[in-house]
Amino acid sequence: MGSISYADFVDRSYEPGETELVCRFFVVPAKGLDAADAAGRVASESSNGTWAELEAEGSVTDLSATAFAIEPATAGEFEGYEVGVAYPDALFEGGNMAQVLSCIAGNILGMKAVDRIRLRDCDWPEPLATSFPGPRLGSGVREAIFDAPDRPITATVPKPKVGLTTDQHVEVGYEAWTGGLDLLKDDENLTDQAFNPFHDRLTAALDARDRAEAETGERKSYLVNVTAETGEMLDRVDAVADAGGEYVMVDVVTAGWAALQAVRERCERHGLAIHAHRAMHSAFDRHPDHGVSMRVIAQVARLCGVDQIHTGTAGIGKMANEDTVDINEWLGSDLHGLEDVLPVASGGLHPGVVPPLLDALGTNICVQAGGGVHGHPDGTHAGAKALCAAVDATVAGDDLATKAEEVPELDRALEEWKTETPR
């Protein structure tokens, strides 16, 4: 029998095994502690340690995390350390994201031993990663649902995002669909309010979708927000399937990862895709020195099974975000055979900024514009035509000004917004 202290959780020469989950943290030690002191506390608190030295033997140490890489680093205005921590596979319950996050992003974010701590990145080993289902279709939605494998798909949210009646909401969708857009999307705070009830909106919108498909000969779909208490959310998923929908939308951070896992299982039964809205993400990732990065949030969403997720606009739109390009690359990378995820670019987009957006992010994305469609001087239908023309021209390598000579709606949009990024 021997004692266990914080120092026992640090081994600078340690090489993680292939089945271990490796997390990268930015850490600013509290006053009076050095980097190794803080790293040992992070590894201890997130695995099987405690503040008191323990007399222990046998299996207890088999579940210990190991802080193995401690290097100087900066985040924003803070100087600290990047700390690598390796977690043994036996520490985790496979397929239980709530439990995994309680380890790697739980109590450690509130410890006095660190002035700042941020979970920056994770390397997910095969045993843990494949205990989750991953996406059903991922970026395959472009081809499977829209027969559009060679271009970004397009979407819009009715504006104002709350306050429209069901009839108004559906009319906006119809105008957008017949103008060429692929998707109508609810926004994050529209669910089942009295001014626009969920079931009325679902039925009416899908009827309008059918009319738009018949009129245009193009596939259309609707991202209806099913976010609610988990049982109610599953009932809404069933309702979407019964009504002939292809997608559900979930506010994944506010709903919670366990609820998302339940939705993913139900969507598998119905053959539905999942659109993930990331509302509340900035509570965790806005400041670079503390919290959980958007990169990790996107990783967790992929494991839990979303098919597409908002990841930002690489600084081109109105929303602050970190590392959009790198996040998108990770979402498209190989992850032990799990499907990829389609990134969604949204927030302050309009036709004039499409070329730099696609130059930065590529074509394997969804381009979503709200005000940049409905704020068109000639209305939603014209705004949809303008956005689609801008996407088509950019994919073809054509200049927007040249395309605008053929598409008056695009010409009007460029007159209105030019190529400026909104704030």
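From a predicted model like this one, the values you see are computed outputs, not experimental measurements. The figures here come from the full heavy-atom set of this structure, side chains too, leaving out hydrogens, waters and symmetry mates.
- Put simply, the side chain of P29 does not reach to within 4.5 Å of the side chain of V114, judged on heavy atoms.
- Looking at E265 and R269, no side-chain N of the basic residue comes within less than 4.0 Å of a carboxylate O on the acidic one, giving no salt bridge.
- In this structure, the separation between CG on L202 and CG on D192 is 11.0 Å, given to the nearest 0.5 Å.
- For the pair V42 and M111, the minimum side-chain heavy-atom distance is below 4.5 Å.
- Remark: side-chain polar atoms of H376 are not paired, donor with acceptor, to backbone N or O of A386 under 3.5 angstrom.
- Residues V250 and A255 come closest through the heavy atom pair CG1-CB, 4.1 Å.
- Here D121 pairs with R295 in a salt bridge; the nearest charged N to carboxylate O distance falls below 4.0 Å.
- With hydrogens and angles ignored, the 3.5 Å screen pairs a side-chain donor or acceptor of H336 with a backbone N or O of W124.
- Environment of CD in E18: sparse, with no more than 12 heavy atoms of neighbouring residues, nucleotides or ligands closer than 6.0 Å.
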Verdict with reasoning, T154 to Q368, per side chain to side chain contact (heavy atoms under 4.5 Å, CB included): CA-CA 6 Å; T154 54; Q368 179 184 300; over 6 Å; no

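- Residues H381 and T178 have side chains in contact (heavy-atom distance under 4.5 Å, counting atoms from C-beta outward).
- The line from OG1 of T419 to CG of L414 is 8.0 Å long, rounded to the nearest 0.5 Å.
- A side-chain donor from one of H270 and D238 sits under 3.5 Å from a side-chain acceptor of the other.
- Heavy-atom minimum distance, L101 versus W257: CD1-CD1, 3.4 Å.
- A donor-acceptor pair under 3.5 Å links the side-chain atoms of R136 to the main chain of G271, judged by distance alone.
- Smallest separation of non-hydrogen atoms from D150 and R142: C-NH1, 4.2 Å.
- When side chains are defined from C-beta on, I274 counts as touching R264, because their heavy atoms get closer than 4.5 Å.
- By the 4.5 Å heavy-atom criterion applied to side chains, T363 and V391 are not counted as neighbours.
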Q308 vs Y247, side chain to side chain contact (heavy atoms under 4.5 Å, CB included): CA-CA, chis, key distance, verdict: CA-CA 10 Å; Q308 50 197 59; Y247 275 100; 3.0 Å; yes

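- In this structure, CG in L119 is found 7.5 Å from CG in L109, a value given to the nearest 0.5 Å.
- The main-chain N or O of G352 is found under 3.5 Å from a side-chain atom of H350 such that the two form a donor-acceptor pair.
- The closest donor-acceptor contact from the side chain of Q193 to the backbone of T191 lies under 3.5 Å.
- Figure legend: cation-pi geometry between R236 and F198, with NZ or CZ positioned under 6.0 Å from the six-membered ring centre and within 45° of its axis.
- Between the side chains of T227 and N225, at least one donor N or O lies within less than 3.5 Å of an accepting N or O.
- Judged by distance alone, the side chains of E20 and Y14 do bring a donor and an acceptor atom under 3.5 Å apart.
- Remark: the D340 side chain and the S139 side chain contain an N/O donor-acceptor pair separated by less than 3.5 Å.
- At a threshold of 4.5 Å between non-hydrogen side-chain atoms, the residues Q261 and M97 count as touching.
- Looking only at atom types and distance, the side chain of E93 has a donor-acceptor partner in the side chain of N96 under 3.5 Å away.
- Side-chain atoms of S131 come within 3.5 Å of backbone N or O of L128 as a donor-acceptor pair.
- No side-chain heavy atom of V344 sits less than 4.5 Å from a side-chain heavy atom of T311.
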Test side chain to side chain contact (heavy atoms under 4.5 Å, CB included) applied to L303 and V100, step by step: CA-CA 12 Å; L303 290 167; V100 173; over 6 Å; no

Worked check of side chain to side chain donor-acceptor pair (under 3.5 Å) between Y174 and E215: CA-CA 11 Å; Y174 178 76; E215 182 176 328; 2.4 Å; yes

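- The two residues W177 and A208 make their nearest non-hydrogen contact at CZ3-C, 3.9 Å.
- Summarising the geometry, atom SG belonging to C103 is positioned 9.5 Å from atom CD1 belonging to I108; distances are rounded to the nearest 0.5 Å.
- No cation-pi contact links R118 to F25, judged by a cut-off of 6.0 Å to the six-membered ring centre and 45° from its axis.
- Nearest heavy-atom pair across L349 and L357 is CD1-CD2, 3.8 Å.
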Verdict with reasoning, K159 to D187, per salt bridge (Lys or Arg N to Asp or Glu O under 4.0 Å): CA-CA 9 Å; K159 299 293 182 179; D187 222 334; 3.3 Å; yes

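- When V306, L234, D307, L272 are each tested for a side-chain contact (heavy atoms from CB on, under 4.5 Å) with C267, only one passes: L272.
- Defined by atom type and a distance below 3.5 Å, a donor-acceptor pair is present between the side-chain atoms of S346 and H310.
- With a 6.0 Å radius and a threshold of 12 heavy atoms from other residues, nucleotides or ligands, E79 has its CD atom at or below the threshold.
- Taking every heavy atom of both residues into account, V226 and M233 meet most closely at O-CG, 3.2 Å.
- By the 6.0 Å contact criterion, NE2 on H287 is open, its count of non-hydrogen atoms from other residues, nucleotides or ligands being 12 or less.
- Here the SG-CD1 distance, from C122 to I104, works out to 4.0 Å after rounding to the nearest 0.5 Å.
- Checked options E246, R209, R201, K185; the residue passing with Y222 is R201 (criterion: side-chain hydrogen bond (donor to acceptor under 3.5 Å, both in side chains)).
- For the salt bridge (charged side-chain N to carboxylate O under 4.0 Å, His left out) criterion with D182, the lone passing option out of K220, R219, R151 is R151.
- When atom types are taken as modelled, the side chain of S47 and the backbone of S64 share no donor-acceptor pair closer than 3.5 angstrom.
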Intermediate values then yes/no, side chain to side chain contact (heavy atoms under 4.5 Å, CB included), L184 and V157: CA-CA 6 Å; L184 174 68; V157 178; over 6 Å; no

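- For the pair R302 and W330, the cation-pi criterion (under 6.0 Å, within 45° of the ring axis) is fulfilled.
- Using modelled atom types, no side-chain atom of S282 and backbone atom of D285 make a donor-acceptor pair closer than 3.5 Å.
- When atom types are taken as modelled, the side chain of T66 and the backbone of F68 share no donor-acceptor pair closer than 3.5 angstrom.
- The backbone N or O of G95 sits nowhere less than 3.5 Å from a side-chain atom of Q99 that would complete a donor-acceptor pair.
- Here D323 contributes atom CG and D326 contributes atom CG; the two are 5.0 Å apart, rounded to the nearest 0.5 Å.
- Under 3.5 Å, the side chains of T166 and N196 contain a donor-acceptor pair of N or O atoms.
- No side-chain heavy atom of L410 sits less than 4.5 Å from a side-chain heavy atom of K385.
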